[in-house]
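Chain identifiers are assigned alphabetically (A, B, ...) following the order of the sequence lines, protein sequences preceding nucleic acid strands; residue numbering begins at 1 within each chain.
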Amino acid sequence: MAEPANSSSKTAIMPRRDEDFPEWYQQVIRAAELAEPSDVRGCMVIRPWGYGIWENMQRHLDAMFRATGHRNAYFPLLIPLSYFAKEAEHVKGFAKECAVVTHSRLEADADGKLRPSSALTEPLVIRPTSETIIGASYAKWVQSYRDLPILINQWANVVRWEMRPRLFLRTTEFLWQEGHTVHETEAEAWAETKQMLEVYGRFVHDYLAVPIFSGEKSESERFPGAVQTLSIEAMVQDRKAIQAGTSHFLGQNFARASGIQFQNREGKQEFGWTTSWGMSTRLLGTLVMAHGDDDGLVLPPRIAPTQVVILPITPKQETRGAVLEACDKLAKQLREIRYVDVPIEVEVDRRDLGGGVKNWEWIKRGVPLRVEIGPRDLESAKVTMSRRDQATKMKESISMQEFVSHSAEVLDSIQRNLLERAKKFRDQHTRVIDSKDEFYDFFTPRDATKPEIHGGFALAHWDGSREVEEQIKNDLKVTIRVIPLDNSSESGKCIFTGKPSSCRVIWAKSY
RNA sequence: CGGGGUGUAGCUUAGCUUGGUAGAGCGCGUGGUUUGGGACCACGAGGUCGCAGGUUCAAAUCCUGUCACCCCGACCA
């Protein structure tokens with residue numbers, strides 16, 4: 001993270017982070033071949049490298065879901081408008097961003113232009129989230145307390161008609177998982193809500209190497225229709241917060257709306273207690289902004305689609321065959337080593353390109369380890385290794401055998417280092433603040449016309465009122481990210497109104 | 001949806017004020033020299049100048065309309 005590059009040194013990504021962070025972000029995504037905008041406004045094409053990262057995220061998350069008793073299923077993309085309309089708050093929250101299917105066929109008109117014809121009797125909403133359609137199924141499945149709990153997850157795409165799309169962070173269509181559960185008691189549902197937040201926190205921390213703060217959302221930031229929303233928040237390198245995962249305690253709101261009812265142990269009809277929780281491809285954006293540097297993406301080994309790339313150096317035709325052979329042999333040996341439960345992913349880049357070009361391409365893609373093997377290495381049975389978490393020019397020459405036996409260890413060391421850096425960065429920019437002036441100063445850039453990277457997380461007392469939140473949001477675009485849950489809650493006075501406050505909350509600008 | 005801006009090759013763009021056959025850099029292809037940190041030389045491919053009208057002998061250039069995208073504001077994983 002961010003030793004500020006001195007302006008004379010050439011970086012692979014222009015502009016640098018400190019020059020124009022949003023533009024840098026876009027350029028990294030392009031240079032790393034993660035994704036690109038499509039012809040459909042707000043939608044993106046996720047390229048193999050980006051999708052590979054997503055697949056790894058899926059793999060690990062899915063294992064964690066299974067381990068906590070959840071199973072996958074799939075529900076329809078199209079939701080009857082009448083289902084959707086059942087929960088009033090839900091409608092209020094999502095209505096503005098719903099895409100609606102109103103017709104079932106195309107017909108050529110007189111000019112030969114295709115036009116929708118045959119209007120549907122009931123319009124269908126493309127799911128922005130699936131509480132209502134899944135609720136309809138659950139209503140049928142749940143009769144008795146013996147049917148509970150229901151613990152289901154689905155991997156799906158959803159559509160939210162956003163006004164301002166940004167690759168990964170906010171796109172019209174995105175990929176995610178949504179867990180939907182029904183429980184017999186309020187306490188169980190709450191335990192589930194918290195458990196899944198904990199799962200998310202562990203995933204992001206252990207696999208993405210991103211430290212998080214967790215807690216509950218204030219009323220204004222709550223999921224539409226939820227009783228309570230919990231969230232994990234990460235800090236990225238422009239010091240803004242990004243919500244990395246959310247878990248909702250839905251109380252009986254959706255059960256009531258969908259008619260999820262069961263006969264309880266006393267023989268009485270009762271509404272189920274439901275939860276829902278989700279993580280999306282937004283995590284890819286989080287990853288880019290959390291670990292990327294001025295040379296491109298930096299991937300934590302645990303989710304990198306390729307952990308080791310082998311670059312054959314073949315300056316002379318005579319040695320070419322031997323070098324390639326050695327590369328293949330090394331790749332084979334590495335693939336026999338398991339790293340986070342599966343064989344290490346290795347790629348031998350045999351493309352006929354200049355060595356420097358290939359090297360830089362892999363730097364930009366963020367592959368954790370680059371290994372060069374050339375004629376000189378062959379003679380001494382060595383390899384030349386570079387780690388993506390270190391300066392790009394740093395190289396280490398070690399024996400091939402040693403490299404093979406230590407590779408998993410080195411990957412772990414990179415993983416740990418990325419987490420450490422991110423943690424240090426976050427802590428450096430997290431501040432306990434006890435006065436309104438200091439708070440305003442903290443969140444005000446010195447150059448208003450071209451705001452520099454500033455601010456961070458502020459831990460400050462808040463009186464719990466919506467008015468204060470509103471005011472701060474208007475003045476500074478700063479919002480409460482989370483109200484820490486467990487917090488060894490130190491009470492105090494609201495720094496804005498002087499009224500009593502039961503704990504410090506986390507304030508930040510956010511994505 | 002309000003306010004501002006921009007549309008020229010895959011990307012970045014010059015040309016537009018003052019109409020006269022569309023130029024460059026990067027990238028791409030071929031051949032060669034190269035190759036342990038972003039190589040070089042030669043040749044080459046690629047553009048209905050967003051789209052539709054209009055003015056004119058003649059439109060990338062002027063006029064009208066339209067569409068798309070970008071930035072700024074209100075909403076969001």
Side-chain angles (χ1 to χ4, degrees), chain A residues 9-14 20 22-23 26-27 30-31 36-42 92-98 127-129 156-166 168-178 200 217 220-224 229 231-234 241-248 276-286 295-296 311-317 319-320 323 351-364 370-380 382-386 391-397 449 451 473-474 477 479 510-511:
Chain A
S9 67
K10 186 182 175 190
T11 57
I13 304 296
M14 297 291 280
D20 185 347
E23 183 58 25
Q26 310 251 63
Q27 293 305 328
R30 172 138 67 146
E36 61 191 23
S38 79
D39 292 341
V40 183
R41 181 186 151 78
K92 230 167 96 186
F94 283 108
K96 280 167 290 179
E97 44 196 76
C98 283
R127 62 181 165 220
T129 176
N157 58 341
V158 288
V159 166
R160 297 183 186 176
W161 213 262
E162 299 291 349
M163 304 182 188
R164 286 243 213 146
R166 295 193 58 193
F168 289 120
L169 299 177
R170 195 183 304 120
T171 46
T172 299
E173 179 189 15
F174 59 93
L175 306 181
W176 76 345
Q177 62 61 221
E178 45 180 330
Y200 285 160
K217 285 292 192 185
S220 56
E221 299 268 332
R222 208 170 277 162
F223 176 77
T229 288
S231 128
I232 56 172
E233 302 277 330
I242 184 162
Q243 184 171 305
T246 50
S247 184
H248 313 292
S276 67
W277 26 276
M279 269 196 163
S280 73
T281 38
R282 184 182 229 201
L283 285 174
L284 279 144
T286 305
D295 291 315
L311 302 163
I313 308 295
T314 56
K316 295 192 186 74
Q317 198 56 42
T319 50
R320 190 181 157 85
V323 166
R351 289 174 305 164
D352 180 25
L353 287 172
V357 173
K358 280 203 267 194
N359 193 38
W360 278 101
E361 220 172 271
W362 288 105
I363 290 171
K364 287 186 276 191
R370 306 187 302 282
V371 181
E372 292 177 8
I373 299 182
R376 291 209 295 272
D377 297 300
L378 275 195
E379 280 164 26
S380 52
K382 287 189 164 179
V383 298
T384 305
M385 177 186 89
S386 309
T392 55
K393 56 184 167 291
M394 271 184 75
K395 287 181 176 183
E396 192 185 341
S397 183
T449 50
K473 189 174 175 179
N474 286 338
K477 288 184 192 147
T479 51
S510 75
Y511 278 97

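Between A/I13 and A/T11, the closest heavy-atom pair is O-OG1, 3.0 Å. Heavy-atom minimum distance, A/W362 versus A/R351: NE1-NH2, 4.1 Å.
For the P atoms, the distance linking B/U55 with B/C63 amounts to 15 Å, nearest Å. Between B/G31 and B/G36, the two C1' atoms lie 26 Å apart (nearest whole Å). The same atom, P, is picked in B/G73 and in B/U30; the two are 48 Å apart, to the nearest Å. For B/A59 and B/G54, the P atoms lie 12 Å apart once the distance is rounded to whole Å. Taking atom P in both B/C71 and B/G65, the straight-line distance is 26 Å, to the nearest Å. Separating the P atom of B/C16 from that of B/A22 is a span of 15 Å, rounded to the nearest Å. The P atoms of B/G44 and B/U66 are separated by 45 Å, rounded to the nearest whole Å. As rounded to the nearest Å, B/C43 and B/A58 have C1' atoms that lie 35 Å from one another.
If you measure from atom CG of A/D20 to atom P of B/C70, you get 16 Å, rounded to the nearest angstrom. The distance from atom CD of A/E36 to atom C1' of B/C69 is 16 Å, rounded to the nearest whole Å. Look at CH2 on A/W362: it is 17 Å from C1' on B/G38, rounded to the nearest Å. Spacing between atom CD of A/Q27 and atom C1' of B/G27 amounts to 14 Å, rounded to whole angstrom units.
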Original post:
If pairs are Watson-Crick or G-U with both distances under 3.5 Å, what is the dot-bracket string of RNA chain B, marking crossing pairs with [ ] and pairs to another strand with |?
Top reply: (((((((..((((......[..)))).((((((.....)))))).....(((((..]....))))))))))))....

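The side-chain heavy atoms of A/T286 and A/Y511, taken from C-beta on, include no pair separated by under 4.5 Å.
With sequence neighbours left out, A/R127 forms a side-chain hydrogen bond (donor to acceptor under 3.5 Å, both in side chains) with A/Y74, A/N157. Residues meeting the side chain to side chain contact (heavy atoms under 4.5 Å, CB included) test with A/T479, sequence neighbours left out: A/E221, A/K473, A/R481, A/S510. Under the side-chain hydrogen bond (donor to acceptor under 3.5 Å, both in side chains) criterion, A/Q27 pairs with A/E23, sequence neighbours left out.
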Original post:
Quick one: what's the B/S/- string for nucleotides 71-77 of chain B, heavy-atom cutoff under 4.0 Å, read 5' to 3'?
Top reply: -BBBBBB

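Panel note: side chain A/Q177, backbone A/M279; a donor-acceptor pair is recorded below 3.5 Å. A donor-acceptor contact shorter than 3.5 Å is absent between the side chain of A/T229 and the backbone of A/K217. A donor-acceptor pair is defined here as one N or O able to donate and one able to accept, closer than 3.5 Å; such a pair exists between the side chain of A/R282 and the backbone of A/L169. Formation of a donor-acceptor pair under 3.5 Å by the A/S386 side chain with backbone atoms of A/M394 is found in this model. A/S247 places no side-chain N or O within 3.5 Å of a backbone atom of A/W277 that could act as its donor or acceptor partner.
Within the nucleic acid shown, A/M14 has no heavy atom closer than 4.0 Å to any nucleic acid atom.
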Considering only nitrogen or oxygen atoms on both sides, find all protein atoms under 3.5 Å from nucleotides 32-36 of chain B and state each distance.
{"unit_1": "B/G36", "atom_1": "N7", "unit_2": "A/R376", "atom_2": "NH1", "d": "3.4"}
{"unit_1": "B/G36", "atom_1": "O6", "unit_2": "A/G374", "atom_2": "O", "d": "3.4"}
{"unit_1": "B/G36", "atom_1": "O6", "unit_2": "A/P375", "atom_2": "N", "d": "3.0"}
{"unit_1": "B/G36", "atom_1": "O6", "unit_2": "A/R376", "atom_2": "N", "d": "2.4"}
{"unit_1": "B/G36", "atom_1": "O6", "unit_2": "A/D377", "atom_2": "N", "d": "3.3"}
{"unit_1": "B/G36", "atom_1": "N1", "unit_2": "A/G374", "atom_2": "N", "d": "3.4"}
{"unit_1": "B/G36", "atom_1": "N1", "unit_2": "A/D377", "atom_2": "OD2", "d": "2.4"}
{"unit_1": "B/G36", "atom_1": "N2", "unit_2": "A/D377", "atom_2": "OD2", "d": "2.5"}
{"unit_1": "B/G36", "atom_1": "N2", "unit_2": "A/T384", "atom_2": "OG1", "d": "2.9"}

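Between the CD atom of A/E233 and the CD1 atom of A/I242 there is a distance of 9.0 Å, given to the nearest 0.5 Å.
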